[in-house]
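Scroll down for the structure; my scribbles are underneath it.
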Amino acid sequence: MEPLDAFRREVVAWLEDNCPRSQREPAGPEELYQGGSKGCFSSQDARTWFERMREKGWTVPDWPREYGGGGLSPGQAKVLKTEMKRLGCRPPLATGQGIAMLGPALFEYGSEQQKREHLPRIARGEVRWCQGYSEPGAGSDLANIQCRAEDKGDHFVVNGTKLWTSNADRADWIFCLVRTDPKAAKQAGISFLLIDMRQNGIEVRPIELISGESDFCQVFFENARAEKHNLLGDLNRGWTVAKRLLQHERTLMSQLSEIAVGPKFSPGEVARRYLSLENGVLTNSGLREQLVRYEMDAMALALSNQKAFEESGQGRLDPNSTSFFKYYATELDKRRGELKLALMGTQGLGWSGPGFDSDELMEPRTWAFSKALTIAGGSSEVQLNVIAKRVLDLPE
Amino acid sequence: MKHLVPSDEHIMLQDSARQFLQANCPVSAFRHLRDNSVSPCYSRQHWKQICDLGWSGIILPEEYGGLDFGYVGLGAIMKESGRTLLASPLFASVCLGAQYLLRAGSDTQKRDILPSVVCGDTCLALAIEEGPHHDPLATLFTAQPDGGNFVLNGTKTFVVDGQCANYFLVVARTSGKPGDAKGLSVFLVDIDRKGVERKQLHLLDARDYSSVDFDNVIVGEDDLVGSMNDAWRYLEPTLDAARILLAAEMLGGICECFERTVEYLRDREQFGVKIGSFQALRHRAAHLFAEIELCKAVVDTGLAALDGAPGSISVLASLAKARLNDIALLATNEAVQMHGGIGVTDELDIGLFLKRARVAIQILGDSSYHRDRFGRLNGY
Ligand SMILES: Cc1cc2nc3c(=O)[nH]c(=O)nc-3n(C[C@H](O)[C@H](O)[C@H](O)COP(=O)(O)OP(=O)(O)OC[C@H]3O[C@@H](n4cnc5c(N)ncnc54)[C@H](O)[C@@H]3O)c2cc1C
């Protein structure tokens, strides 16, 4: 354990020296650097901070150095994460679909050439990725996708549409599930294709969410072109890659409350701010009970994450366990949203304008967005299906 | 540091505990005790074997005959004992009694009592409750100083393993008013002392509980365990550790109940298919699985903290007891429901787990007690 202590001291000293003051304040929704050709910095400090971290490879601390990462061991990466959190350092580059989802899939299924082409550009924030899985007729029933890619010798021609594609309007590349064999059974005819979006055959239309943001889009492909060498995994074997990537997506989503930007006050702080206390105890016993129940479950989930982390180092982790984390964490995110509105009363209902401070205005939007979390990345019902089948081995 | 991954020694201990209990004290052994109204409800022979295995001394130092193997070790045994519904003095005498003595007792007291607890000749029971809800600070039971002695008066109820005890550790108020942490004192009282009268309480889990009257019972200054008026200093950590250990036992019961239920979902057929194919049941089982995974992490973190890993033990104890109470309720109710008609028969073991859970839920604090405490500890 000693070497990690030394590493911790080093990390803290480096962060203290290199993280600008302004980057140690909680970030607003638009303040994190997202990378890609359309990404912009919210300030000069944000740029400096990003560039310093990029030089160390700490935008993706546990990726190997040759692919733009920091080459840290899981234990070291955890130390870095913990210390950044403790010091309040913002992530220099937001954890998006590239870092959290495509990256791990490339490490597992990519050819050396694919890894060298794509990973460093993700690590350095040069390319922003989006995920082209869902379609109008393929949501929970993902294998029902219809978007087609036709073999034209050295390239594919893609036709069809993708729906609910988060940040497609700000992305440079899209990883897509496409049908390459229309005659094969559902899962068997699917391939996993990486497509450069900067071409004429692709059109992107943003869609507004109940939270007021337009985080996701519909993407239309009309004779779009994808190079053959951008097929990840074998032809018609994309479903294997797709499923594995979904596990990474679920892991990402089970940690959203840790990594996402959001209102800076915890439910406990919100309670103390909007409700009266007597001898250190909230006088509203009904809300107090809800608050404690939430905080207890949140703590239990955090301990469960810690346990899974410790076990993963010993090869004991069941990969299907990500389903229960995704399910529990996102249901809890929704509960937090409802709880905070309840604790704030009418002061938690402000949508814009005077009468509410900026923290207050963020709550209803976070609340509204939390509704999407138990749908995106496989709905709660789908996660329960996965647990029942894969973990509990119940008959179908 | 990894605190939540069991060491090889702990895995071996838990495996051997499982083997021993399943071979010697399976659920049917408990059923036998209950059906034959064995009183107090435990097998002396099994208890002797358990003591010979050293489980009664796991958390005690070697100088008192213990193994000094820590709470994670004792927790592993408690988990297994919950799976087979082991009825024994392990919780009352060791997890509560010996633990308190170890924290608060004088050298003489420890030397006199602990070795005999370890070999099983002496059983201790903590006499703490006075009303239907756990509330140690509300203690009214009096201990009046009288020369060099004390005179004890009052009634203690819900004394766990009171019938098999040779000594009670009695929590009394020697100053202050109900609600004060200051002013509590603990006395070691031989059950044969004049004025001590115990009555057996028959609760739904068929185990050993007593209500004990103390009528002008005279004890000496030597019988004070821990300093006068200041027992809370030792009692609170004792209760917290015991809560975490009880949570470990409850976890074992929950897991056993859940596994038996999942097995039933895989086997039982209706409408020409396995009932485990019905999504209404699959989803409830999957949700329960998630809740139980969180229970495991909470119990293991609590046990690790008792052995020195970081974390506030009070917070972790209240978290563990509240969560395990709630999930024990859910898991046993779901188990009964998913078994259908057979689930409500006495013949099926599920009913025994259901009943044990209801009593365990009340021992050392129900969920509302612990949620309130968790809130206070966190400043709301
Ligand atoms: C904010 C957000 C961002 C997203 N980002 C992306 C993205 O970047 N890329 C992408 O490809 N997709 C994205 N999605 C799409 C997401 O993956 C789908 O919305 C999701 O898989 C559900 O599909 P659906 O919307 O078609 O709902 P449906 O599948 O039609 O589900 C409707 C309801 O039926 C239930 N249901 C469906 N099947 C079952 C079943 N077998 N058993 C029980 N209940 C069932 C569902 O749980 C749900 O409650 C995003 C979604 C959201 C909300």
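Lettering of chains follows the sequences in order, A, B, ..., and the numbering in each one begins at 1.
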CA sep, side-chain torsions, deciding dist, call: R282(B), E396(A), side chain to side chain contact (heavy atoms under 4.5 Å, CB included): CA-CA 10 Å; R282(B) 293 166 80 85; E396(A) 283 186 291; 3.5 Å; yes
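- Of the listed residues E295(A), E289(A), R293(A), the one with more heavy-atom pairs under 4.5 angstrom with chain B than any other is R293(A).
- Applying the 6.0 Å contact sphere to NZ of K274(B) captures more than 12 heavy atoms from other residues, nucleotides or ligands.
- The distance from atom CG of L392(A) to atom CG of L288(B), rounded to the nearest 0.5 Å, is 9.0 Å.
- Contact tally against chain A (heavy-atom pairs below 4.5 Å) for E291(B), R284(B), H370(B): the top residue is E291(B).
- The nearest pair of heavy atoms linking V298(B) to A300(A) is CG2-CB, 3.5 Å.
- Taking CZ of R371(B) as the start and CE of M296(A) as the end, the distance is 7.0 Å to the nearest 0.5 Å.
- Taken from CZ in F374(B) to CE in M299(A), the straight-line distance is 5.5 Å, to the nearest 0.5 Å.
- Side-chain N or O atoms of R288(A) include one that pairs as donor or acceptor with a backbone N or O of Y380(B) at under 3.5 Å.
- Neither the backbone nor the side chain of V273(B) has a heavy atom closer than 4.5 Å to any heavy atom of chain A.
- Contacts between D326(B) and chain A at a heavy-atom distance below 4.5 Å involve the side chain alone, from C-beta outward.
- Comparing L275(A), L282(A), L277(A) by how many heavy-atom pairs each has under 4.5 Å with chain B, the most go to L282(A).
- Residues R376(B) and N279(A) are not in side-chain contact: their nearest non-hydrogen atoms beyond the backbone lie 4.5 Å or more apart.
- You'll find the side chain of N385(A) reaches within 4.5 Å of the side chain of H283(B), heavy atoms only.
- Atom CG in D300(B) sits 10.0 Å away from atom CG in L303(A) (nearest 0.5 Å).
- The environment of Q337(B) atom CD is sparse: at most 12 non-hydrogen atoms of other residues, nucleotides or ligands sit within 6.0 angstrom.
- Annotation for L4(B) and E311(A): closest pair O-OE2, 4.4 Å, computed over non-hydrogen atoms.
- A distance-only check finds a donor-acceptor pair linking the side chain of R266(B) to the backbone of D393(A) [under 3.5 Å].
- For A322(B), the part lying under 4.5 angstrom from a heavy atom of chain A is the side chain only.
- Contact record, A388(A) with A286(B): N-CB, 4.2 Å, taken as the closest heavy-atom pair.
- Among G75(A), P395(A), S304(A), the residue making the largest number of heavy-atom pairs under 4.5 Å with chain B is P395(A).
- Interface remark: Q383(A) contributes no atoms to any contact with chain B (heavy atom separation under 4.5 Å).
- Remark: K177(B) NZ is loosely packed, at most 12 non-hydrogen atoms of other residues, nucleotides or ligands lying under 6.0 Å away.
- In this structure, the portions of L301(A) lying under 4.5 Å from any heavy atom of chain B include both its backbone and its side chain.
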CA sep, side-chain torsions, deciding dist, call: D297(A), R323(B), side chain to side chain contact (heavy atoms under 4.5 Å, CB included): CA-CA 8 Å; D297(A) 288 345; R323(B) 164 160 276 274; 3.0 Å; yes
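- Classified by interplanar angle (parallel below 30°, tilted 30° to 60°, perpendicular above 60°), the ring pair Y328(A)/H287(B) is parallel.
- Proximity to chain A (any heavy atom under 4.5 Å) is restricted, for Q279(B), to the side chain, taken from C-beta onward.
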